[in-house]
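Reviewing the structure listed below.
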2 protein chains.
Amino acid sequence: MAAETANALNAKSSTLADDVFDQIRTAIVKGELAPGSKINEPQLSKQYGISRGPLREAIRRLEGCKLVEIKPNVGANIVSLNISQLIEIYEIRESLEGLACRLAATNATAEDYLRLRELLTQHEEQIQSENGLRYYQREGDLDFHFQIVRLSGNARLFDILCGELYHLLRMYRVQTANEPSRPIQAFKEHYQIVDAIEQADGELAELLMNRHIANARKALMSRIEQE
Amino acid sequence: MAAETANALNAKSSTLADDVFDQIRTAIVKGELAPGSKINEPQLSKQYGISRGPLREAIRRLEGCKLVEIKPNVGANIVSLNISQLIEIYEIRESLEGLACRLAATNATAEDYLRLRELLTQHEEQIQSENGLRYYQREGDLDFHFQIVRLSGNARLFDILCGELYHLLRMYRVQTANEPSRPIQAFKEHYQIVDAIEQADGELAELLMNRHIANARKALMSRIEQE
DNA sequence: TCCTTATTTTTTGTTGACAATACCCTTCCA
DNA sequence: TGGAAGGGTATTGTCAACAAAAAATAAGGA
C-alpha cells in the first residue's frame with residue numbers, strides 16, 4: 001500500500017469518524033483522491049485502519065460538505081466540478097464575500113487592520129520569489145479571503161465559505177495544475193479592499209470585493225475558453 | 001410510545017439512513033423534537049425501528065444541514081437559534097436571495113412568469129381567510145422564495161437556501177408560534193418582485209428582494225425587542 | 001462475433017455485541 | 001451544609017458478521 005496513512009503521531013482524536021473525515025477531506029482537496037473516482041469502503045477502511053462504521057459516518061460528513069456524492073446502494077464518488085458548477089460557486093462567492101467585506105468594515109478593530117496589513121506584507125514578499133508566488137496563488141489568496149470572512153463576525157457565513165466553498169476551490173486549483181492567473185492584479189485589489197475596511201467604508205469594501213471576485217471569475221473563464 | 005412512526009405504507013425507501021434522516025428533519029422542523037433537546041440514540045432507534053448504525057448516519061446528515069450539533073463522546077443536540085444567529089441567517093438571505101432574484105430575472109421564461117403569477121393569485125386568495133392567512137405566513141412565504149431560487153438556475157445556491165437555511169427558518173417560525181408579522185405588505189413586495197423579473201430587470205429584482213428581506217428582518221427584530 | 005442470460009464475486013446496507021466514555025447518585029469527610 | 005470521591009448506570013464509539021444489492025465474469029445461443 002503506497003498511500004499508507006503514516007501519521008501515527010496524531011496527538012489525540014475525539015472520534016475516529018471525525019479524524020478520518022479530516023484526513024479524507026485533505027486527501028480530496030490535495031487531489032490524492034481523484035475527482036470523480038469511487039470511494040471503496042473496504043479499501044479505505046483498511047487504509048485508515050478503522051472499521052466501516054466510523055468510515056461511513058465520515059463519508060456522510062463529506063457529503064454534507066459537498067465533497068462526495070452518495071448514490072444509494074451504489075456508493076460514494078469524489079465530487080468533480082465542471083465549468084458551470086464552478087461559475088455557480090463564483091456567483092455565490094461574489095455575493096457572500098461582498099457581504100463579508102461590508103460586515104468586516106464595520107466590525108474590524110485597529111488590531112484587525114494591523115493583522116490584515118501584515119498578511120499583505122507577507123504576500124508582497126512571497127510574490128517576489130517564484131516559489132512564494134506559487135504559494136500565494138495557491139493558498140495565500142484564500143488566506144486573505146479567509147481572514148475577511150472571519151472579521152465579518154457572521155459565524156454561519158464563515159461556515160458556508162470556509163467550511164464548504166473554499167475547500168472546493170482549493171480542490172479545483174490543485175486539479176487544474178494552478179496556472180498563472182493574475183497574482184499581481186489580485187494583490188493590488190486585496191490592498192484596496194483593506195484600505196476600504198480600514199476606513200470603515202462598508203459600501204466601498206463590498207463593491208471592491210464584488211469586483212475582485214468578478215475579475216477572478218472572468219480570468220478563470222477566459223483561461224478555460226482558450227483551451 | 002405515543003410518537004410512533006405510523007407511516008408503514010412507505011412506498012419504497014432507498015436506505016434506512018436517508019429515510020430516517022427525512023423523518024427526523026421533519027420532526028425537528030415541526031418542533032416535535034424541541035430545540036436544544038438531546039438526541040438519545042437508543043430511544044430514537046427504537047422509535048424508528050432501526051438499529052443505531054443507520055441512525056447515526058442520519059444524524060451525521062442532520063449535522064451537515066446544521067439542524068443538530070454533535071459533541072464527541074457526548075451526543076447530538078437539536079440546534080437552537082438565538083437572536084444573533086437568526087440575524088446572521090437573514091444577512092445571508094438578503095445577499096443570496098438578491099442574487100437569486102437577479103439570476104431569475106435573466107433566466108425565467110414566459111411559462112415561469114405564469115407559474116409565479118399563479119402562485120401569487122393563490123396566495124392572494126389565502127390571505128382572505130384566517131386559516132389561509134396563517135398558512136401563507138407559515139409556508140406560503142417560503143414557497144414563493146423557493147420558486148425564485150429555483151428559477152435562478154444555480155443549483156448550489158438552491159442547495160444552500162432550500163436545503164439548509166429555509167429549514168432553519170421554518171423551525172424558528174414554528175418555535176415562536178408564528179405571530180402576525182406583516183403578511184399583506186410582504187405579499188405586495190412579492191408582487192413587485194415578480195413584475196421586475198417579468199421585465200427581465202435583474203438589477204431591480206435584486207434591489208427589491210434585498211429590501212424585502214431587510215424589511216422582514218427589521219419586522220422580526222422589532223417584534224423581538226418589544227417582548 | 002456479439003448480445004443475452006446465469007452465476008459468481010464484490011460492495012453496500014444493516015444489525016447486535018462489546019468497549020470506552022460520560023453522567024448520575026450515593027457516600028463520606030471537612 | 002457543602003463539596004469531593006467513589007461506584008453504578010446509561011449512552012456513545014467501535015467492531016465484526018450477516019443480508020441484500022450491484023457489478024463483474026462466465027456461459028450459452030443466434
Side-chain angles (χ1 to χ4, degrees), chain A residues 1 3-5 7-8 10-25 27-28 33-34 36-64 67-80, chain B residues 1 3-5 7-8 10-25 27-28 33-64 66-80:
Chain A
M1 316 291 169
E4 199 72 39
T5 54
N7 41 0
N10 263 340
K12 61 121 199 291
S13 62
S14 30
T15 74
L16 292 183
D18 293 333
D19 224 42
V20 166
F21 163 78
D22 277 333
Q23 295 185 58
I24 299 181
R25 183 173 63 177
I28 293 176
L33 288 171
S37 66
K38 182 159 167 26
I39 284 186
N40 186 313
E41 292 183 11
Q43 184 221 317
L44 269 192
S45 69
K46 199 174 288 180
Q47 185 176 331
Y48 288 106
I50 63 173
S51 76
R52 282 177 53 225
L55 175 65
R56 283 173 66 89
E57 290 188 32
I59 293 174
R60 279 260 135 84
R61 283 197 64 188
L62 292 167
E63 183 190 26
L67 283 170
V68 308
E69 288 168 353
I70 301 179
K71 280 181 221 155
N73 290 313
V74 175
N77 285 75
I78 312 293
V79 79
S80 176
Chain B
M1 316 294 167
E4 200 71 41
T5 53
N7 41 0
N10 264 340
K12 61 124 201 291
S13 61
S14 31
T15 74
L16 292 184
D18 293 333
D19 224 43
V20 166
F21 163 78
D22 276 332
Q23 295 185 57
I24 299 181
R25 183 174 62 177
I28 294 175
L33 288 171
S37 66
K38 182 160 167 25
I39 283 185
N40 186 312
E41 291 182 11
Q43 184 222 317
L44 269 192
S45 70
K46 200 173 289 180
Q47 185 176 333
Y48 288 105
I50 62 172
S51 76
R52 283 178 52 224
L55 175 65
R56 283 172 66 88
E57 290 188 32
I59 293 173
R60 278 260 137 82
R61 283 198 64 190
L62 292 168
E63 183 190 26
K66 305 292 154 54
L67 283 171
V68 309
E69 288 167 353
I70 300 179
K71 281 180 221 157
N73 289 313
V74 174
N77 285 76
I78 312 292
V79 79
S80 176

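- When each of A/A17 and A/V74 is assigned the nucleotide of DNA chain D with its nearest heavy atom, A/A17 is the one assigned upstream, toward the 5' end.
- Between A/N73 and D/dA20 there is no side-chain N or O to OP1 or OP2 distance below 4.0 Å.
- Nucleotide D/dC15 holds its P atom 15 Å from the CG atom of A/L44, rounded to whole Å.
- Between B/P72 and A/D18, some side-chain heavy-atom pair lies under the 4.5 Å cut-off.
- Taking only distance into account, the side chain of B/R52 never meets the base of C/dG16 through a donor-acceptor pair shorter than 3.5 Å.
- Looking at heavy-atom distances under 4.0 Å, B/I39 makes contact with sugar-phosphate atoms alone, never a base.
- Using a 4.0 Å cut-off, some side-chain N or O of B/K38 falls inside it from OP1 or OP2 of D/dT12.
- A straight line from CZ of A/R56 to P of D/dT14 spans 15 Å, rounded to a whole angstrom.
- At whole-Å resolution of the value, CD1 in B/I59 and P in D/dT11 are 13 Å apart.
- Note that the CZ atom of A/R61 and the CD1 atom of A/I24 stand 11.0 Å from one another [nearest 0.5 Å].
- Contact annotation for B/P54: base contact, defined as any heavy-atom pair under 4.0 Å involving a base atom.
- Checking D/dT14, D/dT12, C/dT14 against the side-chain heavy atoms of B/S51 singles out C/dT14 as nearest.
- For B/N40 and C/dC24, the CG to P distance is 12 Å, given to the nearest whole Å.
- Rounded to whole angstrom, the span from the CG atom of B/D18 across to the P atom of C/dT12 amounts to 15 Å.
- For the pair A/Q43 CD and D/dA23 C1', the interatomic distance rounds to 17 Å; values are reported in whole Å.
- Interatomic distance, B/L62 CG to B/L55 CG, rounded to the nearest 0.5 Å: 9.0 Å.
- Distance A/L55 CG to C/dG13 P: 12 Å, rounded to the nearest Å.
- Residue contacts for B/I70: at a heavy-atom cut-off of 4.0 Å it reaches no nucleic acid atom on any strand shown.
- Salt bridge B/E57/B/R60: absent, no basic N to carboxylate O contact under 4.0 Å.
- Remark: the backbone N or O of B/E41 is paired with a side-chain donor or acceptor of B/S45 at under 3.5 angstrom.
- In this model, the phosphate group of D/dT11 is not approached by any side-chain N or O of B/K71 to a distance below 4.0 Å at OP1 or OP2.
- A/G53 comes within 4.0 angstrom of no nucleic acid atom, judged by non-hydrogen atoms across all strands.
- Taking atom CG on A/L16 and atom C1' on C/dA19, their separation rounds to 12 Å, with Å as the unit.
- The side chain of A/P42 has C/dT12 as its nearest neighbour among D/dC15, C/dT14, C/dT12.
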